[in-house]
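Okay, so here's the structure we're looking at.
Nothing here was measured: the structure is a model prediction, and the numbers come from that model. Throughout, a chain's letter reflects where its sequence line sits, starting with A, and its residues are numbered from 1.
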There are 2 protein chains.
Amino acid sequence: MPRVKCPKCTKEHHVLKAGFIRGKQRYLCKGCDYHFTVFKEKQQDKSSRKRSRQTTIIDIANAIGIAVSTVSRALKDHPDISEQTRQSVKKVAAELNYQPNTLAQSLSKRETRTIGVIIPDIETHFFASMLTGIQNVASEAGYKVMISQSKESHETEVTNTHAFMTNWVDGLLICHSKETKSFDHIKLYMKSGIPIIHFDRVCEELENSKVLLDDVDGAFQVTEHLIAQGCKRIALISGPAHLLVCKKRLEGYQKALKRNNIPWDDQLICHSDLSIDSILQQVDGILVKAETIDAIFCISDIGAIRIIVHLKNKGIKIPEQVCVAGFGNEPMGEIIEPGLTTFNLQTYKFGETVAQLFFEQLIEGTDFIPRTKIVKGNLIIRKSSSRPID
Amino acid sequence: MPRVKCPKCTKEHHVLKAGFIRGKQRYLCKGCDYHFTVFKEKQQDKSSRKRSRQTTIIDIANAIGIAVSTVSRALKDHPDISEQTRQSVKKVAAELNYQPNTLAQSLSKRETRTIGVIIPDIETHFFASMLTGIQNVASEAGYKVMISQSKESHETEVTNTHAFMTNWVDGLLICHSKETKSFDHIKLYMKSGIPIIHFDRVCEELENSKVLLDDVDGAFQVTEHLIAQGCKRIALISGPAHLLVCKKRLEGYQKALKRNNIPWDDQLICHSDLSIDSILQQVDGILVKAETIDAIFCISDIGAIRIIVHLKNKGIKIPEQVCVAGFGNEPMGEIIEPGLTTFNLQTYKFGETVAQLFFEQLIEGTDFIPRTKIVKGNLIIRKSSSRPID
DNA sequence: TTGTACGCGTTATCAC
DNA sequence: GTGATAACGCGTACAA
């Protein structure tokens, strides 16, 4: 009961709320049947910048003259509520253009139905595309997706992680920045009870669920294909050595060499920082160091594409002199000439898988078992590695 | 005062809250100096799926033995609080790993410090890139960004708009889907008091703030350049006629023709739906209808790039037989051969401008004056339109 | 300087 | 079936 005294009979225990008038609470004294509003002016102008008042379930309740709890139940089709009240509540709700307040719902239910996604860079087609997969699965389940990009900075990754957690996301899907070597920011929230899924660039030491690309097999297939074209000295342009992805792709490369009895040469392995400059620098280096190379396998399509341009500018013929292959099937690879041989990653499906794994863990509850999924890909052979049959 | 009776003296008005014991509220009866907790067991297991309990300011208050309001003020460096309490509060907060609950803050302050962005497609480089601009400006101001893509569907655009509003975003930045012709979903929220900024594909009938690309001048520059190369029959591959962007670019095209006294030919104007298939279909159509064309100006880079590939497959020489130009400076245009002449849009700056306009309106409050900003671009000339000097 | 009490909008748990 | 009311976590006007 509101702490309001009736200005007529001055009694407090007879006063009832009775709707809103011009944004102010209107009261009714049961004892003397006297309608009034509170007189004290709350400064309304100060909140002019803020959102104008939305209609709430309280408004609906007051309008009809029933309790808020009834309104709440009626709106969500609770079986206890009679058909009649349900109808009238919904009618009034529509009339007043009622929009439920998600914030209040989240606070009360202790869940936001929001999942946070952290990716290194949204401008990379791979991430943009997989986001679509995530969003589709999420929105089908009635979940929203918040996206943030670390721009490959460990610091922003950490900041974003905290931001998501203070915003009570119901789950975190993360692909670490290439700088990231410490995982304290993840460990901190491991016991928060929400599912944390790593994808692509994962962390080995953490016992979380993971979704991985088919890195080993992909690199294996690409290398095998290059060997099949007659290449024997295949340079590998990789990324930072500490990244698991790089290790895996190196592993696939190595596996293919072994299987085909091609001798291993340390000189052929280059570690870039995945930036274009660094990649081209490595290429130039290898052209000097080991000029007899007959193929370049770059761990990223974007790199491979720039390598093609670079080699063409140098007058090196592709694929006659040097075959080039990438990884990831970026759309550009289809446009460039010669077309880039690459490994297609099914980005959309990858995103879907990540989201699905999240929901699986959500259903299993706090005691889910972390597991790893791998999304298969397929080799795409284009001209950059298709040597004319002798 | 809690509605709890002391189990000893059975009086209600002497009971005070006195800290937490194992997650339960502990009470103290002032009258008989008797400590107790409420006995009824709340089932704790049911919420196992939900987020585990975070430490709140109440916990801090109880730990130190001060009021929550003091804690609240101490944490946000309110000048009223003594240095000593401030210190101890912050110390305990750190010890308990306190994270403020953004939800509760938002609910209480009636602002979420979140801005919603709706774009047609995140996989388009233009949008991905401008998002970075938006996010940088936003995060600098302490705002989060929520992104959703309509995937060019009017229906999802409407759904997403509602979702953002029920989530109480503090602002809405929107680029409409190409399907969108009705703007009721925007009008509905025009009086909600939050700034709504349109960008790129805007709506003429709405009196909102807008950020536009330099469409007229851009198309003018491109067309002028083509004319300078000696082209006289320039085909324009445009998008849906109802889109303002298309109208504007057509206007620029027209302006350039007029200035150079080149006769207008309706046959040269094609409206696609901006999909690749539709664009190439229009190109084929025009090659038949008006085979004498000497240039193609496609309103989108992605289209122009596919046109280049298409023409090359047909054995048409670029730029000798037909010059090609695009609009937008997508990264691919630099890679393709011949390099694509295009109009650079400064996507990053564009995003920044959109976000800045939002903040300007936020500061101005409810009675801001809608205004329009235009972000300039610049012509980039590449081989696809560089005819050898006769 | 610090504490009390209420509002924010909704859900859940009682009691009737 | 429906109503009253306590959470949910935080901010704050007002009281002390």
Problem - Ion pair check, B:K90 and B:D77, cut-off under 4.0 Å - result: yes

Polar side-chain contact [X]-[N] base: donor and acceptor under 3.5 Å:
X      : N      : value
A:S82  : D:dG1  : no
A:S108 : C:dT10 : yes
A:R73  : D:dG3  : yes
B:S69  : C:dT4  : yes

Practice task
Name the residue closer to the 5' end of DNA chain C, choosing between A:S72 and B:G65 according to the nucleotide with the nearest heavy atom.
Solution key: B:G65

Problem - Residue whose closest nucleotide on DNA chain C lies nearer the 5' end, A:P100 versus B:I81 - result: B:I81

Handout entry: From CA spacing to verdict: side chain to side chain contact (heavy atoms under 4.5 Å, CB included), A:T85, A:S82
Key = CA-CA 6 Å; A:T85 37; A:S82 74; 2.7 Å; yes

Rounded off to whole Å, could you give me the [atom1]-to-[atom2] distance for the [X] and [N] pair?
X      : N      : atom1 : atom2 : result
B:D77  : D:dT12 : CG    : P     : 14 Å
B:I57  : C:dT4  : CD1   : P     : 14 Å
A:E83  : D:dT2  : CD    : P     : 11 Å
A:L75  : D:dT2  : CG    : P     : 13 Å
A:L103 : C:dT10 : CG    : P     : 10 Å
B:D80  : D:dG11 : CG    : C1'   : 14 Å
B:L107 : C:dT11 : CG    : C1'   : 13 Å
A:N62  : D:dG3  : CG    : C1'   : 13 Å

Under 4.0 Å between a side-chain N or O of [X] and OP1 or OP2 of [N]?
X      : N      : value
A:Q105 : C:dT11 : yes
A:K76  : C:dA12 : yes
B:T56  : D:dC8  : no

Exercise for the section: Please work out whether the ring planes of A:H176 and A:H198 are parallel, tilted or perpendicular, with thresholds of 30° and 60°. Expected result: tilted

Exercise for the section: Using modelled atom types only, decide if a donor and an acceptor are shared between the side chain of B:T114 and the backbone of B:T112 within a distance under 3.5 Å. Expected result: yes

Practice task
Would you classify A:N101 as touching base, sugar-phosphate or nothing, given that sugar-phosphate means primed atoms plus P, OP1 and OP2, and contacts are heavy atoms under 4.0 Å?
Solution key: sugar-phosphate

Practice task
Looking at every strand, decide which applies to A:T85 at a 4.0 Å heavy-atom threshold: base, sugar-phosphate, or nothing.
Solution key: sugar-phosphate

Handout entry: For A:Y98, the option from A:V71, A:L75, A:V89 that meets side chain to side chain contact (heavy atoms under 4.5 Å, CB included)
Key = A:L75

Problem - 5' priority, DNA chain D, between B:A104 and A:R86 [closest heavy atom] - result: A:R86

